Amino acid sequence: MSGPDRKEDEVRRMLEAQHPAVPADLAARAAVYGGRLLRRHRAVRRLTWLLLAAAVAFAVWASVTEPWVAPPSDMTPPLEGW
């Protein structure tokens, strides 16, 4: 028997055999798990947007205040050579 015929025979035997019993609460457990996944994805999405907004706010603040520039001196330099 060639490879595809053998595989086809195996599939037919599996389909003709008695199907395993499905737990009665499978749909309820799947719904609970799906709800948990949706809440987790929603929380991750919100956190990502929050971090993006914080990064944009920081970039705007930094571009306006320019914290990397030294503050102006309160004292004038001495005048020499007059």
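What you see below is based on every heavy atom in this structure, not just the backbone, and it leaves out hydrogens, waters and symmetry mates. Predicted model, so just to flag it, every value in this text is computed and none were measured.
- Between the CZ atom of R45 and the NE2 atom of H41 there is a distance of 8.5 Å, given to the nearest 0.5 Å.
- A pairwise comparison of heavy atoms in P67 and A62 identifies CD-O, 3.5 Å as the closest pair.
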Open item on the list: One pair to check against side chain to side chain contact (heavy atoms under 4.5 Å, CB included): L26 and R29. What are the steps and the verdict?
Closed with: CA-CA 5 Å; L26 182 65; R29 287 189 301 179; 3.8 Å; yes
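- Remark: R12 does not engage E16 in a salt bridge, criterion side-chain N to carboxylate O under 4.0 Å.
- Looking at R13 and D9, their side chains come closer than 4.5 Å, going by heavy atoms from C-beta outward.
- Between V11 and M14, every side-chain heavy-atom pair lies at or beyond the 4.5 Å cut-off.
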